[in-house]
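In what follows, chains are A, B, ... by sequence order, proteins preceding strands, each numbered from 1.
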Protein chains: 2
Amino acid sequence: MAEGAPALRRDRPRLPAAARRRQIIDVATSLIAERGFWGVSMQDIADRCGLTVPGLLRHMESKVGLLIAVLQDRDVQDARSLRTHLGTSEAELPDDWGSGLPGGVDLRQLCAATMQRNATQPEIVRLFTVLAAESLEPTHPAHDYFAKRQRFAATAYAALAEKFTDRPELLARQIMAMMDGLQIHWLRDPEATDLVQEWETAAEVLFARFTTPR
Amino acid sequence: MAEGAPALRRDRPRLPAAARRRQIIDVATSLIAERGFWGVSMQDIADRCGLTVPGLLRHMESKVGLLIAVLQDRDVQDARSLRTHLGTSEAELPDDWGSGLPGGVDLRQLCAATMQRNATQPEIVRLFTVLAAESLEPTHPAHDYFAKRQRFAATAYAALAEKFTDRPELLARQIMAMMDGLQIHWLRDPEATDLVQEWETAAEVLFARFTTPR
DNA sequence: GTCTATAGGACGATAGAC
DNA sequence: GTCTATCGTCCTATAGAC
């Protein structure tokens, strides 16, 4: 009966700090997407990492700190993906998204690319959908993040919409609303519809005024 | 110093059960709209009612029971409002919404009326926005409610869309997505825009194919 | 119809051993 | 880098007095 060493939780070996941090962010992303920030406990996250809560807290200074880390990580990933899609040189896009999108981009193509990417990562879409609603409350730790994000997106889209219409903010807002709306319906029943196809049909309507019928 | 009676919490007198229940539902609606179901505790709700938690639990059998009561109450209110707006006789609309909307209704008018009503009650819109996202998780107590609700709305809207297009489910989905999307943007910054006006502009685009230009 | 008291657990976070 | 142990708080819910 005398087990010598106290041994690590389960059979999981120590991980280098960087790898552990990566794992924690991935697990937290997944769980927060499922249940929202208030619906997840540090215990839940620690369990899925094969850690105790204090073990988890050596890598993240608090629960709120963990949420911030998750959101920052998403920005880094998104910026990387955008850079790849648009070509590195002209798109600066640092971690806070810089001041806008490059002017040479076509709005309709950008939207289509975004929806195509989103269709491949429902978990991330869900993370943002759930947190966007939860963080409407001004005291929510992600409130400012989402306020800023929405302001940025509205401005950037409107700038790109200028070559379509003289009311670019209006088109920008309709586009964002339609994208968000289609996404939440898709999340509720992913089998029922094809997000990309659904967007394509909607885009035809939204952009119809601005394209020459063939 | 000898205060005789233990006295009621604060200065609030006993309320008849029905009035108390009404108060509890109103308070819970408001708090859940702000913070989501997982973000609110029974203590929070009891405090705002001037009750202790056991006092609260004499009127609602559990926290989940309270959420159900809130949602059922919304259905009753919505059905009442719809009956008023459409005229009592043809719209049956029992508490579970029956099997559809009366065929005589014009879809575009119905949407406009809905958005006008929603614009006057941001708190209710927020309740549904927050819970719709939170309840994507299949184990959430409101999951089935929202799944059913979305299915009903999609069917009902599609039926009314039949006189506009031969792809009514598509138009119905675009309408619902746009309404939901505009609402969440409006909730984040209610000062910035007029929900009714915003919808009117979007509706012109969505219905443009089906109306004769004057 | 509302209270006090309390059970019994989960929560976020810290201290200190190894 | 991870553990055990623990603090103090908050949670939902119940028992029983008035």
Separation of [N] [atom2] from [X] [atom1] (nearest whole Å):
X       : N      : atom1 : atom2 : result
A:Arg21 : D:dG1  : CZ    : P     : 13 Å
A:Leu15 : D:dC3  : CG    : P     : 12 Å
A:Trp38 : C:dA10 : CH2   : C1'   : 16 Å
A:Gln43 : D:dC3  : CD    : C1'   : 14 Å
B:Met42 : C:dC11 : CE    : C1'   : 18 Å
A:Lys63 : C:dA10 : NZ    : P     : 15 Å
A:Asp47 : C:dG12 : CG    : P     : 11 Å
B:Met60 : D:dT14 : CE    : P     : 15 Å

Could you check which of [options] has an atom nearest any side-chain atom of [X]?
X       : options               : answer
A:Thr52 : D:dG1, D:dT12, D:dC3  : D:dC3
A:Leu51 : D:dA13, D:dG1, D:dC3  : D:dC3
A:Val53 : D:dC3, C:dA13, D:dT12 : C:dA13
A:Leu57 : D:dA13, C:dA13, D:dG1 : C:dA13

Q: Map B:Leu56 and A:Glu61 onto DNA chain C by nearest heavy atom, then report which one ends up closer to the 5' terminus.
A: B:Leu56

Q: State whether A:Ser41 places a side-chain N or O below 4.0 Å from either non-bridging phosphate oxygen (OP1 or OP2) of C:dC11.
A: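 For C:dC11, OP1/OP2 do have a side-chain N/O of A:Ser41 under 4.0 Å.
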
(Q) Taking the cut-offs as 6.0 angstrom to the six-membered ring centre and 45 degrees off its axis, would you call B:Arg151 and B:Phe146 a cation-pi pair? (A)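 No - B:Arg151 does not lie over the ring of B:Phe146 by the 6.0 Å and 45° rule.
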
(Q) Taking any heavy-atom pair under 4.0 Å as a contact, classify B:Pro54: base, sugar-phosphate, or nothing. (A)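 Base: the residue B:Pro54, judged by heavy atoms under 4.0 Å, touches a nucleobase.
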
(Q) For B:Glu61, is the CD atom crowded, meaning more than 12 foreign heavy atoms sit under 6.0 Å from it? (A) no

Q.
Strictly below 4.0 Å, N to O, side chains only: are A:Arg108 and A:Glu200 in salt-bridge contact?
A. yes

Q.
Distance alone, cut at 3.5 Å: any donor-acceptor contact between the side chains of A:Asp44 and A:Ser41?
A. yes

(Q) Any donor-acceptor pair under 3.5 Å linking the side-chain atoms of B:His143 with those of B:Glu137? (A)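 B:His143 and B:Glu137 do not have a side-chain donor-acceptor pair below 3.5 Å.
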
